[in-house]
Amino acid sequence: MEQVVSAEEVRGALARPRMEGRTIGFVPTMGALHEGHLSLVRASLAQADVTVVSVFVNPTQFGPGEDFAAYPRDIEADAALLAAEGVDVLFVPTVPGMYPPDASTTVDPGSIGTVWCGAARPGHFTGVATVVVKLLGIVGPDLAFFGEKDYQQLKVVQHVVRDLDIGTRVVGCPIVRDRDGLALSSRNRYLTSDERGHGTVLHRALSALVESVRAGNADAPMLERDMARMIESEEGVTLEYASVVDSDNLERVTTIDRPARAIVAARVGSTRLIDNVQVPASGACDNG
Ligand code: PAF
């Protein structure tokens, strides 16, 4: 595995495979890698000829008072995991390399970036969209892999790539969960063992929604109220939102009559957790 720091080095490392017509897969990450990230890496290794992974804790997607300084960083451990998977190129840019002092352009994804997590974290999705567009510009991948765990991020990136005619196919990959149902996240390491137990209520509420829809309930506001009630009654958990939304534009739906996603966010102690699930077609027995 070749480890590089600059955009020029990435382009240099990819010049030959590109000339040979080999496909390039890309997995952008902020490091602190876990099985969720590795599932994206494996999807890229399976679907592309060459796999590039970036590790960059992007300051522009953290708000004031958020955990940018404390965000877990362990590049040696990350590099060892990626080398063992068979990754070809690891790109670890620096903050001044990505954001020279005179850089002034940002990418605003519009209204899809100001709802849900975007409402709680103003500017977050502009930071995400800006860094992703820059990374795609540097790597120029055929395919880029994002986890469905950050479902709004996946949709923001798909919309930005479509709107800006970027020639990369954005591939969403399924959420990876621990045995207790908690969706894997680099931030889970902030949780105490009690908080972990309470945090599984997000997955329990989403699973109950799936069961309720399968039993024939298509009333989205009622499904939202049931999720909210379950999450709010869990000790130490503060609900931010529990909503049923259109799978593509993330607008709330009133009935399950189109592809929909149930999305939740809550604080467990001081840690913010998010989770989501595809809503089955009303009355269906298979969550696809
Ligand atoms: O999901 C993440 O780790 C980040 O938001 C991303 C996509 C790497 C952009 O910094």
Side-chain angles (χ1 to χ4, degrees), residues 7 10 25-41 43-44 51-63 66-75 77-79 81-82 87 89-99 103 105-109 112-114 116-118 120-139 141 143-161 164 166 168-176 183-190 263 265 271-276:
V10 174
F26 177 48
V27 182
T29 80
M30 297 206 301
L33 301 180
H34 51 65
E35 278 296 317
H37 297 110
L38 297 183
S39 73
L40 306 180
V41 169
S44 177
T51 290
V52 181
V53 177
S54 63
V55 171
F56 179 60
V57 184
N58 172 37
T60 67
Q61 69 189 75
F62 290 79
E66 290 190 352
D67 56 345
F68 173 66
Y71 196 84
R73 291 162 172 88
D74 189 348
I75 192 62
D78 290 344
L81 283 172
L82 296 171
V87 165
V89 179
L90 170 57
F91 177 35
V92 189
T94 62
V95 173
M98 288 296 278
Y99 298 111
T105 305
T106 56
V107 179
D108 177 355
I112 196 167
T114 59
W116 312 124
C117 290
R121 306 182 67 190
H124 170 68
F125 286 113
T126 297
V128 169
T130 302
V131 81
V132 168
V133 167
K134 286 173 68 67
L135 290 166
L136 295 179
I138 292 166
V139 177
L143 302 166
F145 297 84
F146 291 81
E148 287 182 345
K149 148 79 172 33
D150 297 297
Y151 191 74
Q152 186 173 6
Q153 168 172 282
L154 170 64
K155 289 293 134 184
V156 164
V157 170
Q158 284 175 336
H159 281 234
V160 165
V161 162
L164 300 183
I166 296 170
T168 296
R169 185 153 69 81
V170 176
V171 182
C173 299
I175 296 174
V176 180
L184 294 192
S185 163
S186 303
R187 289 190 168 100
N188 290 354
R189 62 186 77 186
Y190 298 152
I263 57 172
T271 306
R272 186 170 181 277
L273 298 181
I274 57 174
D275 203 346
N276 68 85

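In what follows, residues are counted from 1 in the order of the sequence shown. Counting starts at 1 for both ligands and their atoms, in listed order.
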| Residues forming a side-chain hydrogen bond (donor to acceptor under 3.5 Å, both in side chains) with Asp67, sequence neighbours excluded |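 Residues passing side-chain hydrogen bond (donor to acceptor under 3.5 Å, both in side chains) with Asp67: Arg187, Tyr190.
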
| said: Going by the rule side-chain hydrogen bond (donor to acceptor under 3.5 Å, both in side chains), which residues pair with Ser44 if we only count those two or more places apart in sequence or in a different chain? | reply: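 Ser44: side-chain hydrogen bond (donor to acceptor under 3.5 Å, both in side chains) contacts with Thr51.
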
| query | Is Arg73 positioned over the aromatic face of Phe68, cation under 6.0 angstrom from the ring centre and no more than 45 degrees off axis? | reply |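 So Arg73 does make the cation-pi contact.
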
| request: Please work out which of the three classes, parallel, tilted or perpendicular, describes the rings of Phe62 and Tyr71, given edges at 30° and 60°. | output: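 Perpendicular.
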
| task | Ignoring hydrogens and angles, state whether a donor on the side chain of Gln158 or Lys155 is under 3.5 Å from an acceptor on the partner side chain. | result |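 Yes, a side-chain donor-acceptor pair sits under 3.5 Å.
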
With a cut-off of 3.5 Å and sequence neighbours excluded, list every side-chain donor-acceptor pair involving residues 124-134.
unit_1 : atom_1 : unit_2 : atom_2 : d
His124 : ND1    : Gln61  : O      : 2.8
Thr130 : OG1    : Val107 : N      : 2.8
Thr130 : OG1    : Thr126 : O      : 2.6
Lys134 : NZ     : Met98  : O      : 2.9

| query | Contact residues of ligand 1 with a heavy-atom cut-off of under 4.0 Å? | reply |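 Contacting ligand 1 under 4.0 Å are Pro28, Thr29, Met30, Asn58, Gln61, Val131, Phe146, Gln153.
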
